Amino acid sequence: MTVDQATFDRLSAWQQQHGNLFRVRAASRDADAWVVNDPGDVKRVLISNHKNYSKGIGFERVALMLGNGIIVSDGDRWKSQRRMIQPAFHRQVIEKLSDTMIRCNRAMLQRWCAAADAGTPVDVTSDTSELALEVILRSLFSEDLDRLIELQGGNPFDLLVEDATRDLALAMRFRALTKHIKHMIEERRAEGRMPFDWLSMLMEARDKDTGESMSERGLLDEVMTIIVAGHETTAGTLNWIWYLLATHPAAEARLHAEVDALAGEPSFADLGQLDYARQIAEEALRLYPPVWLFSRKALGDDTLSGQPIAAGSDIFLSPWLMQRDAAHWHDPEDFRPERYADPEARELKRTAWYPFSLGSRRCIGEFFSMVDLQLHLGLVARELRFSLESNTPVPVEPLINLRSAHNISLSPLRRAPRRHPPPPP
Ligand code: HEM
């Protein structure tokens, strides 16, 4: 199926015509399929009655790449995996991993500064994709990533950046990379080496009830899941953020004022002062939610908005649709990060904003991504601003994740130094 802006226009038109709960029919399927866009219904599916819903259609394709990793699994297996993985995403772990984020960002910033000095544009789409991948791989494998690159004469995971298709051939090529992870695990075991990273944490994780560790297959599936779930979503968000800032100078200026007020290069400790950076990320996630559509299957009968939903029905949830709905948001098509300073919009964030999903299956990487996005914005905006190469609006391409239909090229420009003076000794 080819999906593009027309898909969104159709979805919006159906919603306007039929309301917040409507049935769609596909000739290829027997079951009813419902698009659910009422905040109360979405909460029922994802939170209060979530036990009645399993992962739905579309996830078979994901399973080809990820095996039975946490994003695909259901029931007791999911519960056990989630409990074992959760500690790797605790605040203290992310705080330590933020050093890795900063190091990766510095390296990319150096390249962007060199481009600014040479007066050449940068391909923000592919550079941020590379950056997001590096942050995830270094958080997972730390020093072993350098060993792998040296051994292989390059980073074999780069295929995720180089090949934008997510077809069967790519899934097979990606799956074949598990051999490198297997090798790392064996080496760590043989050397008794457990560096501080997610791979060590997953290797050492034990099920609370049984005391068992993950099977080798389970461990590999979770590593592959984290790579895919964490890479493309963050990359897409970074891509749209820079596009939005390049086209909204007032927001860009507010970000500059915020980073200039910091005493130095931003770090984890400064996150509380990067409030506007956080609002920029939240607003980009509202307008361009990377997971723009996801699905569930009803296990038993249910009722949504007074309408009986038969067991076996497919349910489609679209953050895109709700987050651009004028019934909830003022000027929904406008990029206005400062809207979140308003108590009403903060409340809306709890009801009509769900780029990370909701409930027990809410994204495990949400805090990690928000830290990553804020630090990236803080680090880059201290040095550079961007101007758009072409004024033609960039169309969206909603595949599994929401992407820009073509790569975005921006010209980096050095900012005049107007830093906050260092504090008195
Ligand atoms: C802007 C960044 C991100 C967005 C918008 C996002 C969005 C989502 C969404 C919507 C889901 C739920 C899908 C569903 O229930 O069908 C999800 C689940 C998940 N995400 Fe993220 N994600 C992001 C970043 C990350 C990162 C950085 C990681 C890991 C490093 C990650 C790992 C996962 C995992 C493992 C799940 C499955 C959780 C479960 O089923 O228990 N995500 N994400």
Side-chain angles (χ1 to χ4, degrees), residues 42 45-47 50 53-59 61-63 66-75 77-86 88-90 93-94 97-98 100-101 128-129 131-141 197-199 201-202 221-241 278 280-297 314-320 322-323 353-377 400-403:
V42 170
V45 172
L46 294 176
I47 305 176
H50 74 96
Y53 295 91
S54 65
K55 288 275 172 154
I57 57 172
F59 284 96
R61 213 152 31 118
V62 181
L66 306 180
N68 200 16
I70 181 180
I71 216 161
V72 183
S73 61
D74 271 311
R77 184 189 153 80
W78 166 78
K79 208 188 275 176
S80 161
Q81 293 296 98
R82 177 96 189 195
R83 275 200 316 225
M84 282 202 269
I85 298 172
Q86 193 74 53
F89 288 85
H90 278 172
V93 174
I94 310 289
L97 290 177
S98 67
T100 303
M101 296 173 188
T128 52
S129 175
L131 172 70
L133 182 65
E134 196 182 357
V135 170
I136 295 290
L137 294 179
R138 291 206 179 273
S139 303
L140 269 166
F141 307 136
D197 58 28
W198 281 335
L199 180 59
M201 290 175 220
L202 297 184
D221 286 352
E222 297 313 346
V223 170
M224 298 309 254
T225 296
I226 289 175
I227 296 172
V228 168
H231 163 237
E232 214 166 286
T233 44
T234 312
T237 311
L238 288 171
N239 185 39
W240 288 116
I241 281 178
R278 184 176 45 73
I280 288 172
E282 289 167 348
E283 183 70 336
L285 285 162
R286 182 183 70 80
L287 285 169
Y288 298 101
V291 186
W292 64 279
L293 183 78
F294 56 100
S295 69
R296 291 294 187 264
K297 190 167 257 315
D314 292 313
I315 304 290
F316 289 100
L317 305 162
S318 174
W320 167 284
M322 190 183 289
Q323 294 173 182
W353 184 91
Y354 67 118
F356 293 102
S357 183
L358 300 168
S360 53
R361 301 215 60 162
R362 190 178 180 126
C363 176
I364 209 169
E366 177 173 352
F367 182 60
F368 178 89
S369 322
M370 290 308 290
V371 172
D372 193 13
L373 295 170
Q374 270 175 283
L375 286 177
H376 170 84
L377 274 170
I400 293 181
N401 280 312
L402 185 68
R403 302 197 191 152

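Keep in mind that this is a model prediction, so the values were computed, not measured. Computation of the quantities below employed the complete heavy-atom set of this structure, encompassing side-chain atoms and omitting hydrogens, waters and symmetry-equivalent molecules. When a ligand or atom number is given, it counts from 1 through the structure's own listing order. We count residues from 1, following the sequence as given.
Of the protein's non-hydrogen atoms, the one nearest atom 5 (C) of ligand 1 is Pro355 O, 3.5 Å. The protein atom (non-hydrogen) at minimum distance from atom 38 (C) of ligand 1 is Arg82 NH1, 3.3 Å. Ranking protein heavy atoms by distance to atom 1 (C) of ligand 1, first place goes to Thr237 OG1, 3.5 Å.
Contact annotation: Glu222 has no heavy atom less than 4.0 Å from any atom of ligand 1. Close to ligand 1: Trp78, with a non-hydrogen atom less than 4.0 angstrom away.
Distance check: Asn68 CG to Arg77 CZ gives 4.5 Å after rounding to the nearest 0.5 Å.
Near Pro290, with a cut-off below 4.0 Å to any heavy atom, the atoms of ligand 1 are 5 (C). The Ile136 neighbourhood of ligand 1 comprises atoms 30 (C), with distances under 4.0 Å to a heavy atom of that residue. When each atom of ligand 1 is checked for a heavy atom of Phe368 under 4.0 Å away, the hits are 27 (C). Under a 4.0 Å criterion applied to the non-hydrogen atoms of Ile226, ligand 1 contributes the atoms 30 (C).
Between Gln81 and Gln86 there is no side-chain heavy-atom pair separated by less than 4.5 Å.
Atoms of the protein (N, O or S only) found under 2.8 Å from atom 21 (Fe) of ligand 1 are Cys363 SG.
Take Lys55 and apply the side-chain hydrogen bond (donor to acceptor under 3.5 Å, both in side chains) test, not counting sequence neighbours, and it matches no residue.
Electrostatic pairing of Glu282 and Arg286 does not count as a salt bridge here, judged by no charged N lying under 4.0 Å from a carboxylate O. In this structure, Lys297 does not pair ionically with Asp74, as no charged nitrogen and carboxylate oxygen lie closer than 4.0 Å.
The main-chain N or O of Ser318 is found under 3.5 Å from a side-chain atom of Tyr354 such that the two form a donor-acceptor pair. Between the side chain of Gln323 and the main chain of Leu285, a donor-acceptor pair closer than 3.5 Å is present. Ser369 places no side-chain N or O within donor-acceptor distance of the main-chain N or O of Thr234, the cut-off being under 3.5 Å.
Summarising the geometry of Ser295 relative to Gly56, their closest heavy-atom pair is OG-C, 3.1 Å, with the distance given to 0.1 Å. Taking both residues in full, the closest heavy atoms of Pro355 and Pro289 are given as CB-CB, 4.4 Å, listed atom of the first, atom of the second, then distance. Across every non-hydrogen atom of His231 and Ile136, the tightest pair is N-CG1, 4.2 Å.
Checked by distance only, ligand 1 and Ser360 stay at 3.5 Å or farther apart across all their nitrogen or oxygen atoms. On a distance-only criterion, Lys55 and ligand 1 share at least one N/O pair closer than 3.5 Å.
In this model, no donor atom of one side chain and acceptor atom of the other lie less than 3.5 Å apart for Thr128 and His376.
Phe89 and Trp198 have their aromatic ring centers within a separation under 6.0 angstrom.
Neither the backbone nor the side chain of Tyr354 has any atom closer than 4.0 Å to an atom of ligand 1 (non-hydrogen atoms only). For Asp372, no heavy-atom contact with ligand 1 is shorter than 4.0 Å. Contacts of Arg296 with ligand 1, taken as heavy-atom pairs under 4.0 Å, involve the side chain alone. Contacts between Trp198 and ligand 1 below 4.0 angstrom, taking non-hydrogen atoms only, involve the side chain exclusively.
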